[in-house]
**Student:** 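Here it is, the structure, as structure tokens.
In each ligand, atom 1 is the first atom listed, and ligand 1 is the first ligand listed.
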Amino acid sequence: MRAVVHDTYGPPEVLRLDEVERPTPADDEVLVRVHATTVNRTDCGWRSASPFFVRYFTGVRRPKQRILGMELSGEVVETGVAVSEFAVGDHVFGVKGFGANAEFTRIRQSSPIAHKPAALSFEEAAAVCDGVCLALSCLKGADLREGRTLLVYGASGSIGTAAVQLAKHFGAHVTAVCNTKNVELVRSLGADEVVDYEHEDFTKNGETYDVIFDAVGKHSFRRCRHSLAPGGRFIETDLGFMWHAPLLALLTKIGGGKKLTLGVGRYRKDDVLLLKRLIEAGEYRAVIDRTYPLEDVVEATRYVETGQKTGNVVLTLGVNGRESPGDGA
Ligand SMILES: NC(=O)c1ccc[n+]([C@@H]2O[C@H](COP(=O)([O-])OP(=O)(O)OC[C@H]3O[C@@H](n4cnc5c(N)ncnc54)[C@H](OP(=O)(O)O)[C@@H]3O)[C@@H](O)[C@H]2O)c1
């Protein structure tokens, strides 16, 4: 089968399309013919081994996982003997650690994978799980019920667009911060207020929020603390300048003051099932910036690494388009 492989760590150019052996599913796994997958920021971190300690997971000298790709949508073509949840022909979507940037990938039925909502194209279905799982992990404990206020900084990214839509689902009042070109998009995702960071600095407008979520790792607790309500929480997606975020998270845990929390991404099947329900209820939609054929993975990756994509970047391998209701699942 065709797959995107890399044999050394480095820039996007270390990626290349190659013929590799088609995987065989284990007893509790399904084999999926991938129709669409994505390039996201985590793939880029694995490929460039940045920060350096990711080599602990991916191989010290060279990548043990040659095929990157976390998100997928496609069709089940084979099932292991212990698989009961999926059958051959089912259309699925989900997220895994590695191996989705390929024509076929195997995945455990207990992994964050579910039947694809029929109204979603394969491209759209490939572009929703990572942002949602990360946003839900980061916002866990933020108590986003009605009456609570959340500011999402970097609301136009993969995690940011998910956070805005999820927080609206939970009932919070959402202020989204993005640049001028994305104001209408984030408004259409449900944001109650939008701050265009090119024209206004939210830290100087006198407003305060119960939660500030830095969904793009570009702000800081220090600069935001006066915009937090008493007892408020600043949630960080990145380690911060000189990796200060974990230490500050520990320090602010003590006492009843404003807190910094470092979001740690977790991928849970329940979160993908929640996402499926939200999509089917019309409460969640995919945000896709660009779509490339698998062959153009290097170009797609270069674009993701600009840090300026809006939502998600998709790679396609085959059939796309929506199904008739009831098909596939
Ligand atoms: N904690 C975890 O487990 C975990 C896991 C994966 C990723 N991450 C981190 O999460 C962060 C977000 O990932 P992502 O995939 O959502 O990012 P992304 O999609 O690449 O974010 C890009 C978006 O952020 C906006 N942006 C860039 N610079 C900005 C700034 N200074 N102010 C406001 N908006 C800005 C961009 O719009 P404009 O530039 O046009 O404004 C663009 O729309 C990354 O830093 C990544 O390293 C954390």
Side-chain angles (χ1 to χ4, degrees), residues 12 38-51 53-54 57-58 68-71 95-98 112 126-142 151-166 175-189 191 194-203 212-220 223-224 234-241 243 245-246 249 260-268 271 286-290 300-314:
T38 60
V39 179
N40 63 31
R41 297 280 294 265
T42 307
D43 298 322
C44 294
W46 296 139
R47 192 212 67 246
S48 57
S50 167
F53 69 74
V54 306
F57 304 101
T58 55
L68 296 173
M70 300 178 67
E71 294 176 289
V95 57
K96 59 182 293 198
F98 301 91
V128 282
C129 290
D130 185 54
V132 162
C133 289
L134 290 175
L136 283 171
S137 319
C138 292
L139 294 173
K140 191 169 175 269
L151 179 137
V152 181
Y153 187 78
S156 51
S158 173
I159 301 175
T161 52
V164 169
Q165 297 185 79
L166 291 166
T175 300
V177 184
C178 63
N179 77 8
T180 312
K181 76 176 185 333
N182 289 315
V183 166
E184 281 318 308
L185 167 80
V186 297
R187 215 188 288 283
S188 76
L189 297 176
V194 182
V195 175
D196 176 348
Y197 73 73
E198 293 191 300
H199 294 107
E200 185 184 347
D201 181 348
F202 77 88
T203 63
I212 295 178
F213 179 32
D214 180 5
V216 73
K218 291 278 167 71
H219 225 292
S220 74
R223 284 184 286 147
C224 288
F234 179 80
I235 303 174
E236 179 60 276
T237 44
D238 264 350
L239 296 169
F241 180 63
W243 297 7
L260 181 148
T261 313
L262 181 60
V264 178
R266 293 215 169 78
Y267 296 91
R268 298 173 348 116
D271 291 344
V287 179
I288 296 175
D289 185 336
R290 296 187 185 179
T301 303
R302 282 193 200 119
Y303 181 57
V304 171
E305 290 195 343
T306 63
Q308 295 190 317
K309 70 178 162 66
T310 301
N312 302 280
V313 168
V314 174

**Student:** Go through the steps for Cys138 and Thr237 under the test side chain to side chain contact (heavy atoms under 4.5 Å, CB included), then give the verdict.
**Tutor:** CA-CA 7 Å; Cys138 292; Thr237 44; 4.0 Å; yes
**Student:** Could you list which atoms of ligand 1 come closer than 4.0 Å to a heavy atom of Tyr197?
**Tutor:** 32 (N), 33 (C), 34 (N), 38 (P), 39 (O), 41 (O)
**Student:** Are any of the N/O atoms on Leu134, whether in the backbone or the side chain, positioned under 3.5 angstrom from an N/O atom of ligand 1?
**Tutor:**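 No: no nitrogen or oxygen of Leu134 is under 3.5 Å from one in ligand 1.
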**Student:** Check ligand 1 against Lys181 and write out every atom of the ligand that is under 4.0 Å from a heavy-atom position of the residue.
**Tutor:** 40 (O)
**Student:** Are there more than 12 heavy atoms of other residues, nucleotides or ligands under 6.0 Å from atom CZ of Arg223?
**Tutor:**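 Buried by this count: over 12 neighbours within 6.0 Å.
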**Student:** For atom 36 (C) of ligand 1, what is the closest protein heavy atom, and at what distance to 0.1 Å?
**Tutor:** Gly307 O, 3.6 Å
**Student:** Look at the side chain of Asn312 and the backbone N and O of Ala127, then say whether any donor-acceptor pair between them is shorter than 3.5 Å.
**Tutor:** yes
**Student:** Are the aromatic ring centres of His219 and Phe202 under 6.0 angstrom apart?
**Tutor:**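 So the answer is yes for these two rings.
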**Student:** Among all the protein's non-hydrogen atoms, which is closest to atom 30 (C) of ligand 1, and how far away is it?
**Tutor:** Tyr153 OH, 3.6 Å
**Student:** If you count the atoms of ligand 1 from 1 in the order shown, which ones are under 4.0 Å from a heavy atom of Gly311?
**Tutor:**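 Near Gly311, the atoms of ligand 1 are 19 (O).
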**Student:** Is the closest side-chain heavy-atom distance between Leu136 and Arg268 below 4.5 Å?
**Tutor:**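 No, side chains not in contact.
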**Student:** Taking Glu71 for its side chain and Asp130 for its backbone only, find out whether a donor-acceptor pair lies under 3.5 Å.
**Tutor:**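 It does hold such a pair.
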**Student:** Gly157 heavy atoms, cut-off 4.0 Å: which ligand 1 atoms fall inside?
**Tutor:** 16 (O), 19 (O), 21 (O), 22 (C), 23 (C), 43 (O)
**Student:** Is Glu305 salt-bridged to Arg302, going by a charged N under 4.0 Å from an acidic O?
**Tutor:** no
**Student:** For the 3.5 Å polar cut-off, considering only N or O atoms, please tell me whether Thr237 and ligand 1 meet it.
**Tutor:** yes
**Student:** Are more than 12 heavy atoms, taken from residues, nucleotides or ligands other than Phe53, located less than 6.0 Å from that residue's CZ atom?
**Tutor:**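 More than 12 heavy atoms, drawn from other residues, nucleotides or ligands, come within 6.0 Å of this atom.
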**Student:** For ligand 1, note which part of Val177 has a heavy atom under 4.0 Å away: side chain, backbone, both or neither.
**Tutor:**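 For Val177, no heavy atom sits under 4.0 Å from ligand 1.
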**Student:** Do you know which two heavy atoms are closest between Cys44 and Val304, and how far apart they sit?
**Tutor:**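 What the structure gives for the nearest pair is SG-CG1, 3.8 Å.
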**Student:** So between Gln308, Glu305, Lys309, whose heavy atom ends up nearest atom 39 (O) of ligand 1?
**Tutor:**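 Minimum heavy-atom distance to atom 39 (O) of ligand 1 goes to Gln308.
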**Student:** Give the residue, atom name and distance (to 0.1 Å) of the protein heavy atom nearest atom 10 (O) of ligand 1.
**Tutor:** Ile159 CD1, 3.4 Å
**Student:** Report the nearest protein non-hydrogen atom to atom 46 (C) of ligand 1: residue, atom name, distance rounded to 0.1 Å.
**Tutor:** Asp238 OD1, 3.8 Å
**Student:** Can you label the angle between the Tyr197 ring and the Tyr153 ring as parallel, tilted or perpendicular, going by 30° and 60°?
**Tutor:** tilted
**Student:** Using modelled atom types and a 3.5 Å cut-off, is there a donor and acceptor pairing between side-chain atoms of Thr38 and backbone atoms of Asn40?
**Tutor:**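 No, because the side chain of Thr38 does not come within donor-acceptor range (under 3.5 Å) of the backbone of Asn40.
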**Student:** Which residue and non-hydrogen atom of the protein lie closest to atom 6 (C) of ligand 1, and at what distance in Å?
**Tutor:**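 So the nearest neighbour among protein heavy atoms is Thr42 OG1, 3.2 Å.
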**Student:** Any side-chain heavy-atom pair from Arg187 and Val183 closer than 4.5 angstrom?
**Tutor:** yes
**Student:** For ligand 1, which atoms, with element, lie under 4.0 Å from some heavy atom of Ser158?
**Tutor:**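 Those of ligand 1 that fall under 4.0 Å from Ser158 are 15 (O), 16 (O), 19 (O).
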**Student:** With a 4.0 Å cut-off on heavy atoms, is His219 touching ligand 1?
**Tutor:**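 His219: no contact with ligand 1 (<4.0 Å).
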**Student:** So if I count the atoms of ligand 1 from 1 in the order they appear, which ones are less than 4.0 Å from some heavy atom of Gly154?
**Tutor:**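 Contacts of ligand 1 toward Gly154, numbered from 1: 34 (N).
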**Student:** Determine yes or no for a side-chain-to-main-chain donor-acceptor pair under 3.5 angstrom, with Asp238 supplying the side chain and Gly240 the backbone.
**Tutor:** no
**Student:** Would you check if the side chain of Asp196 reaches a backbone N or O of Thr180 as a donor-acceptor pair within less than 3.5 Å?
**Tutor:** yes
**Student:** Is it the case that ligand 1 has an N or O less than 3.5 angstrom from some N or O of Gly263?
**Tutor:**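 Indeed, backbone or side chain, Gly263 has an N or O that close.
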**Student:** Out of Gly265, Ala155, Gly217, who gets a non-hydrogen atom closest to atom 3 (O) of ligand 1?
**Tutor:** Gly265
**Student:** Closest non-hydrogen protein atom to atom 15 (O) of ligand 1, residue and atom name please, with distance?
**Tutor:**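 Answer for atom 15 (O) of ligand 1: Arg41 CG, 3.1 Å.
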**Student:** Is ligand 1 under 4.0 Å from a heavy atom in the side chain of Ala215, in the backbone, in both, or in neither?
**Tutor:** backbone
**Student:** Specify the protein heavy atom at minimum distance from atom 24 (O) of ligand 1: its residue, its atom name, and the distance to 0.1 Å.
**Tutor:** Val216 CG2, 3.2 Å
**Student:** For atom 37 (O) of ligand 1, grab the closest protein heavy atom and report residue, atom and distance to one decimal in Å.
**Tutor:** Ser156 OG, 3.4 Å
**Student:** Taking 4.0 angstrom as the limit and counting only heavy atoms of Asn179, give me the atoms of ligand 1 inside it, by number and element.
**Tutor:** 38 (P), 40 (O), 41 (O)
